[in-house]
There are 2 protein chains.
Amino acid sequence: MGRGCGDCAARERAICAALPEPVLDAMYRMGRTELLRRGETLMWESDEALVVGTVRSGLLKLTASLDDGREQILGLAFPGDFVGRPFSARAGHCVTALADTRLCVFRRPSFDGFAREHPALEHALLGRVLDELDRARRWMLLLGRKSAPERVATLLLEIAERGGGEPGERVTLPLTRQQMADLLGLTIETVSRNMTRLKRSGTIHLPDTRSYVILDAAALALRSGG
Amino acid sequence: MGRGCGDCAARERAICAALPEPVLDAMYRMGRTELLRRGETLMWESDEALVVGTVRSGLLKLTASLDDGREQILGLAFPGDFVGRPFSARAGHCVTALADTRLCVFRRPSFDGFAREHPALEHALLGRVLDELDRARRWMLLLGRKSAPERVATLLLEIAERGGGEPGERVTLPLTRQQMADLLGLTIETVSRNMTRLKRSGTIHLPDTRSYVILDAAALALRSGG
DNA sequence: CGTGCGGTTGATCCGAGTCAAGCCAAGTGG
DNA sequence: CCACTTGGCTTGACTCGGATCAACCGCACG
């Protein structure tokens, strides 16, 4: 696949879907495949953002932090998701791998120029960013107004839904308890306590610490607060 | 100015800036001026979103709520800002006037089609939505991790900055205490207490309940937590 | 084997929520 | 003119949920 990241870009479900062939070809030549090991960081909150990219496999977190180290996860990037901040020098958040992750990476200036010349790409990007904004705003409601039990219930439902499995199926949890806490604006202890509370009430089953089964979806939805 | 909202659209600083004349002309014909009185709502969280628009004058809030009435303000829309959710049937949030507001409104389906045909418009929109996403994410850090005093300090700095006046200038506060609370994920009492605490410490001055003067910007920045 | 990491659980603390009272300025109606 | 209401705001007393501090478990790994 030469210098670019051919089959990588070609298989992106969101950004590249619906792009005409010649546009895709040109994109191939711009992109490079990059491997990010668990824990490594693609870009920093305060640095100039030199790249954008799409996730091929693995999982990334976007985070922002306060001076004293308090951290908030702003979102996760699953395979197919776009990361980085086009048209701006600063991303405003860190991007770090939660698992070994393969990316298709573009230098930002080239990507910006390319996007400006290809409305189909900008249209796809716009749809993607609008979805992301919706998700961020729903999360603002959770962070601003939901109680700890509601937050945990919401997260479990969301992940189960995102995975798309049958109700009653085993869901794999791609996050540690600490990462759940960082996503929910809680502490690890509070997350843990609420998980065991859900377990004891028979709402969920916990085969191991990185997966769960929803036993009573209605009860979980009730606890999620709407 | 006929049926459309000619000078309205023409003067939007963000969406229409950089659009070529013929595109603007076509947009004129699509848009309608609408007046929203303080407290009236343009669209509801759960309803189908039939319109999008830009704010000419006044102030709007975007909100989401839980079943039991707890409310979170997701953002404010000042003159020039775009509101609504293009390319989707559901906005996912309410849009309500905090003051009497004039809007330039477009039926969503027409706007969507028009945007698809005019890459310059989609590009402008993309830039706007990316900024909005950045802002939402910075607010997620506040909601998830900042203490009440930090939240209040952050808001006062942000509004002062957005207004762009000199340091030491009187800043008019476009929000009631309740609205500040809804924005910060706090209660009205906590906001009030922290305002008086800042006043007593000499960090700010409060000429009346709807304006303030920053006396010690450094101290305020320090209290905002980074 | 120990060591470290992720997770759980308990005891305690504290910050923000809740409940309640009261202030002040701007209506409103007699 | 005054009496009364209303809405926005402040303040105090108290409660409670989630943070903090600390101990401990279980397991993978050198």
Side-chain angles (χ1 to χ4, degrees), chain A residues 38-39 59 61 66 68-73 98-99 142-156 172-201 204-212 223 225, chain B residues 37-39 59 61 66 68-73 98-99 142-156 172-201 204-212 223-225:
Chain A
R38 176 185 150 81
L59 181 61
K61 65 172 179 179
L66 300 174
D68 60 7
R70 281 172 286 175
E71 174 174 314
Q72 177 66 41
I73 295 183
L98 294 182
L142 175 143
L143 293 174
R145 292 303 184 196
K146 286 192 180 180
S147 69
E150 288 170 339
R151 295 183 199 202
V152 172
T154 304
L155 180 62
L156 294 182
T172 57
L173 194 53
L175 306 168
T176 66
R177 294 287 185 270
Q178 181 61 59
Q179 286 154 6
M180 293 173 68
D182 289 343
L183 200 47
L184 296 172
L186 298 172
T187 59
I188 185 175
E189 295 95 328
T190 301
V191 171
S192 179
R193 275 186 249 272
N194 280 284
M195 291 292 281
T196 61
R197 199 191 300 185
L198 286 172
K199 183 178 68 179
R200 272 205 289 267
S201 75
I204 62 171
H205 171 54
L206 294 174
D208 64 88
T209 150
R210 297 295 287 264
S211 62
Y212 62 98
R223 285 167 196 258
Chain B
R37 301 216 161 272
R38 177 185 148 81
L59 181 62
K61 64 171 179 179
L66 299 174
D68 60 7
R70 281 172 287 174
E71 174 174 315
Q72 177 65 42
I73 296 185
L98 294 182
L142 177 144
L143 293 174
R145 292 303 185 197
K146 286 192 181 180
S147 69
E150 289 169 340
R151 294 184 199 201
V152 172
T154 303
L155 180 62
L156 294 183
T172 58
L173 194 53
L175 306 168
T176 66
R177 294 286 185 270
Q178 181 61 59
Q179 286 154 6
M180 292 174 68
D182 289 342
L183 199 48
L184 296 172
L186 298 171
T187 59
I188 185 175
E189 294 95 329
T190 300
V191 171
S192 180
R193 276 186 249 272
N194 280 285
M195 290 293 280
T196 61
R197 198 190 302 187
L198 285 173
K199 183 178 69 179
R200 273 204 289 265
S201 74
I204 61 172
H205 171 53
L206 293 173
D208 64 88
T209 150
R210 295 296 287 265
S211 61
Y212 62 99
R223 284 167 196 258
S224 79

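Letters go in sequence order (proteins before strands), and every chain restarts at 1.
The minimum heavy-atom distance linking A:G185 with A:R151 is given by the pair O-NH1, 3.6 Å. Among all heavy-atom pairs drawn from A:S211 and A:L206, the shortest one is O-CD2, 3.8 Å. Shortest non-hydrogen contact noted between A:M180 and A:M195 is CE-SD, 3.9 Å.
Residue side chain B:R200 does not reach the base of D:dT11 through any donor-acceptor N/O pair under 3.5 Å, judged by distance alone. For B:E189 against C:dC19, a side-chain-to-base donor-acceptor contact under 3.5 Å is present. No hydrogens or angles were tested; on distance alone, nothing pairs the side chain of A:R151 with the base of D:dG18 as donor and acceptor under 3.5 Å.
Judged by distance alone, the side chain of A:R177 and the main-chain N or O of A:T209 form a donor-acceptor pair under 3.5 Å. Not one N or O on the side chain of A:R145 forms a donor-acceptor pair closer than 3.5 Å with the backbone of B:R70.
If you measure from atom CD of A:Q179 to atom P of C:dC5, you get 15 Å, rounded to the nearest angstrom. Between A:I188 atom CD1 and D:dA23 atom P there is a gap of 18 Å when expressed in whole angstrom units. What separates CG of A:D68 from P of D:dA19 is a distance of 15 Å, to the nearest Å. Rounded to whole Å, the distance from CE on B:M195 to C1' on D:dG8 is 13 Å. Between the CG atom of B:L173 and the C1' atom of D:dC9 there is a distance of 13 Å, given to the nearest Å. For B:D208 and D:dT10, the CG to C1' distance is 15 Å, given to the nearest whole Å. Going from atom CZ of B:R197 over to atom C1' of D:dT11 covers 13 Å, rounded to whole Å. For the pair A:L206 CG and C:dG7 C1', the interatomic distance rounds to 11 Å; values are reported in whole Å.
Comparing atom distances between the A:T190 side chain and each of D:dG12, C:dG7, D:dG18 picks out D:dG18 as nearest. When distances are taken from the side chain of B:R38 to each of D:dG8, D:dA22, C:dA16, the shortest belongs to D:dG8. Ranking C:dG17, C:dA16, C:dT8 by closeness to the B:R193 side chain, first place goes to C:dG17. Listed nucleotides: D:dC9, C:dG17, D:dT20. Nearest to the side chain of B:T187: C:dG17. Comparing C:dT8, D:dG18, C:dT18 by their nearest atom to the side chain of A:P149 picks out D:dG18. The side chain of B:T176 lies closest to D:dC9, out of D:dG18, D:dC9, D:dA13. With D:dA19, D:dT20, D:dT11 as the candidates, the nucleotide lying closest to the side chain of A:L186 is D:dA19.
Contact annotation: B:S192 side-chain N/O to D:dC9 OP1/OP2 distance is not under 4.0 Å. Phosphate contact (OP1/OP2 of C:dT9, side-chain N/O of A:T196, threshold under 4.0 Å): present.
No contact: B:R145 has no heavy atom under 4.0 Å from any strand.
Heavy-atom contacts from other residues, nucleotides or ligands closer than 6.0 Å to CZ of B:R210 number more than 12.
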